[in-house]
Protein chains: 2
Amino acid sequence: MPVAKNTCDLSRCFLCRHSPPAWHALIGANRKNLLFKKGAAIFHEGDVANGMYFVYSGTVKVHRKWGSQKELILRFGKAGDMLGYRGLGDEKKYTVSATVIEPAVICYVDLAFFESLLQTNHQITYQLMQCYANELQNAEKKMSKLAHMNVKARIADTLLTLQNQFGKTKEGHINIQLSRLDIAAFTGTTYETLFRTMQEFIQEKLIKVSGKKIVVLKEKKLAALTWTQ
Amino acid sequence: MPVAKNTCDLSRCFLCRHSPPAWHALIGANRKNLLFKKGAAIFHEGDVANGMYFVYSGTVKVHRKWGSQKELILRFGKAGDMLGYRGLGDEKKYTVSATVIEPAVICYVDLAFFESLLQTNHQITYQLMQCYANELQNAEKKMSKLAHMNVKARIADTLLTLQNQFGKTKEGHINIQLSRLDIAAFTGTTYETLFRTMQEFIQEKLIKVSGKKIVVLKEKKLAALTWTQ
DNA sequence: ACAAAAATATGATTTATATCATGTTTTTTA
DNA sequence: TAAAAAACATGATATAAATCATATTTTTGT
């Protein structure tokens, strides 16, 4: 893993946000800045977990494979987000994969250092707990959506979720560029179904698309669709 | 909510397990023991969160409604499990419902006391973090199962999961008695599909069922089914 | 103890969505 | 810059699983 030139400024990431400035030098001394290019794997499900990753810039997908073909994207990570650490009580293995979508600078600290931080800096433990609790809520929401919403509703929901999480550019399109396949994997459907449903939305003028740039035109109507059944 | 006669013995629940004995008196003074009967709601999604609940005995389901009919059971709680607390950063509302399946004694502490515990007893914060991290892993697993496994595979998986979590009685059946509807809701399918698939399993002698007592006969074969597609 | 409400049991029908198949275009990489 | 690999685009087809319908049995509340 190549070390990044433009290194983390010790202000943005989870660790630095939640620890007093006095700690930043220590964190700086114990973190590596890694530069990943598009498509690179940060870690794989099944790998032994050796550390924590913090996204400084770029975009990352967190996903799980099923069988040989199917994959579900659990969430996307952007600047400020945390990757990699989980309960670990039992098995110190990653249970998800993390792959780069847009070239990313990632801060890395090894588990030993991270756990020593947790031991001494209770604020970080507390924030980590809060962070997991929030992610857990999201996961639970996503679960019931997968179980009960039909594909059209889920796709409408996906578009709104992406716009919510990544915001809009000045030009008005959702500020993340994904392949249709990734959007499908995030929605939990196939490429073909996603493609056709997006065409429908375009026909109905709910969205406007050029290449990977998506503009939500009728937010209210898309939101209404998420209530279908 | 009626107060229970057979009160919590201050040893089993999350709070007591993870705090030194010196704290138990304080916890004892600040917790209420509540007795819930079958079908009773402990809390509802949308309710303002006022406290934490700990299962002392009995069985509880944690679930979310979708529309008027459909519901997904996210997990079951038994003695020692915790209910109710979430990130709360933004909204102090329960995002799930908890309903009693088998009559339950529940320990309750209000949020103010619980948060004061977290402030002073870092071990509890750390354990809570670990607990959420584990639940998050489970949630992520369940998500990909919902997205990618077919119903038959999911039902096989459900039966194995239940046996794993609740163990077997001396008579050999899974040590939890659920309605078919609840099993369906936990699997994320309809009652009818669940029923038919279980009949299939019975025909194929993978399981044996009498009333709500389920015996897994061919664990390996059921496990193999979970790999279908 | 009896009425009402859940839960169980099954057949018939529908439909939403995955799968298959194939061609074109764009992007990546050697 | 050519070749290979992704990504994009669509039509045709199959099918898994939901929905609808209805009857019986069991449980629960009063």
Side-chain angles (χ1 to χ4, degrees), chain A residues 36-41 61 66-73 99-103 145-156 158 177-203 207 209-214 225 228-229, chain B residues 36-40 61 66-73 99-103 145-158 177-203 207 209-214 225 228-229:
Chain A
F36 290 88
K37 48 179 97 159
K38 206 166 180 165
K61 64 176 171 179
W66 190 262
S68 54
Q69 294 285 357
K70 297 172 178 180
E71 95 168 348
L72 180 71
I73 294 177
T99 303
V100 171
I101 289 183
E102 290 299 336
K145 286 172 182 177
L146 281 168
H148 293 318
M149 284 166 70
N150 60 40
V151 177
K152 198 169 168 182
R154 290 212 309 280
I155 291 173
T158 287
Q177 305 211 165
L178 299 169
S179 72
R180 304 288 139 99
L181 194 61
D182 276 341
I183 301 178
F186 185 53
T187 310
T189 186
T190 57
Y191 165 80
E192 292 93 326
T193 299
L194 177 102
F195 176 83
R196 285 185 246 271
T197 307
M198 275 185 62
Q199 291 301 318
E200 255 188 78
F201 289 171
I202 293 169
Q203 242 82 85
I207 62 174
V209 174
S210 91
K212 286 180 172 130
K213 291 172 186 164
I214 301 173
L225 271 182
T228 309
Q229 304 221 24
Chain B
F36 290 89
K37 48 179 99 160
K38 208 168 178 165
K61 63 176 172 180
W66 190 260
S68 52
Q69 296 284 358
K70 297 173 177 177
E71 95 169 346
L72 180 71
I73 295 178
T99 303
V100 170
I101 288 183
E102 292 298 336
K145 287 172 181 177
L146 281 168
H148 293 317
M149 284 165 72
N150 61 38
V151 178
K152 199 169 169 182
R154 288 212 309 278
I155 292 174
D157 183 71
T158 287
Q177 306 211 165
L178 298 169
S179 71
R180 306 287 139 99
L181 195 61
D182 275 341
I183 302 178
F186 185 54
T187 310
T189 184
T190 57
Y191 165 80
E192 293 93 326
T193 299
L194 177 100
F195 177 83
R196 285 186 246 269
T197 307
M198 275 185 63
Q199 291 301 318
E200 254 188 81
F201 289 172
I202 293 169
Q203 243 83 86
I207 61 173
V209 174
S210 90
K212 284 178 173 133
K213 291 171 185 164
I214 301 173
L225 271 181
T228 309
Q229 303 217 25

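Naming: A, B, ... by sequence-line order, numbering from 1 per chain.
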Query raised in the report: Counting only side-chain N and O atoms of B/Lys70, is one of them less than 4.0 Å from OP1 or OP2 of D/dT19?
Result: yes
Report summary line: Note on DNA chain C: ranges paired as stems (three or more Watson-Crick/G-U pairs in a row, both atom distances under 3.5 Å) are C:3-30 with D:1-28
Show the atom names and distances, to 0.1 Å, of all donor-acceptor pairs under 3.5 Å that link a side chain in residues 184-191 of chain A to residues at least two apart or in another chain.
unit_1: A/Thr187; atom_1: OG1; unit_2: A/Thr158; atom_2: OG1; d: 3.0
unit_1: A/Thr187; atom_1: OG1; unit_2: A/Ile183; atom_2: O; d: 2.7
unit_1: A/Thr190; atom_1: OG1; unit_2: A/Thr193; atom_2: N; d: 3.3
unit_1: A/Thr190; atom_1: OG1; unit_2: A/Thr193; atom_2: OG1; d: 3.1

**Report entry** Among D/dT10, C/dA18, D/dA18, the one nearest B/Val151 by side-chain distance
**Finding:** D/dA18
Query raised in the report: Which part of the nucleic acid does A/Lys212 contact within heavy-atom distance under 4.0 Å: base, sugar-phosphate only, or nothing?
Result: sugar-phosphate
Report summary line: From CG of A/Leu72 across to P of C/dA18 the rounded distance in Å is 12 Å
Report task. Measure from the side-chain heavy atoms of A/Asn150 and tell me the nearest of D/dA16, C/dT17, D/dC8. Result -> C/dT17
Report summary line: Rounded to whole Å, CZ of B/Arg180 lies from C1' of D/dT25 at a distance of 13 Å
Requested in this report: Could you grab the distance from atom CE of A/Met149 to atom CG of A/Leu225, nearest 0.5 Å is fine?
Outcome: 9.0 Å
Report task. Identify, residue by residue, the members of residues 186-196 of chain A with a heavy atom below 4.0 Å from DNA chain D, and return them in order of residue number, or none. Result -> A/Tyr191, A/Glu192, A/Phe195, A/Arg196
Report summary line: Rounded to the nearest 0.5 Å, the CG atom of B/Leu178 sits from the CD1 atom of B/Ile214 at a distance of 7.0 Å
Query raised in the report: A/Ile101 and A/Gln177: which non-hydrogen atoms are nearest, and at how many Å?
Result: CG2-O, 4.1 Å
Requested in this report: To the nearest Å, give me how far apart NZ (A/Lys38) and P (C/dT29) are.
Outcome: 10 Å
**Report entry** For the student: nearest non-hydrogen atoms of A/Glu102 and A/Lys38, plus distance
**Finding:** OE2-NZ, 4.1 Å
**Report entry** Those residues that, when tested against B/Lys152, pass salt bridge (charged side-chain N to carboxylate O under 4.0 Å, His left out) (two or more places apart)
**Finding:** B/Glu200
Report task. Not counting sequence neighbours, which residues clear side chain to side chain donor-acceptor pair (under 3.5 Å) with A/Thr197? List them please. Result -> none
Query raised in the report: C/dA6 P sits how many Å from B/Asp182 CG, rounded?
Result: 13 Å
Report task. Nearest whole angstrom, please: distance from the P of D/dA18 to the CZ of B/Arg154. Result -> 7 Å
Report summary line: B/Lys61 meets the salt bridge (charged side-chain N to carboxylate O under 4.0 Å, His left out) criterion, sequence neighbours left out, with B/Glu71, B/Asp182
Query raised in the report: Can you check whether A/Val100 reaches A/Lys37 side chain to side chain, under 4.5 Å on heavy atoms?
Result: no
Report task. Return the value, rounded to whole Å, for the distance between atom NE2 of B/His148 and atom P of C/dT19. Result -> 10 Å
Query raised in the report: How long is the line joining CD1 of B/Ile183 and C1' of C/dT8, in whole Å?
Result: 12 Å
Query raised in the report: If you pin B/Ser179 and A/Lys152 to their nearest nucleotides in DNA chain C, which one's is more 5'?
Result: B/Ser179
Query raised in the report: In whole Å, what is the span from the CE atom of A/Met149 to the C1' atom of D/dA17?
Result: 19 Å
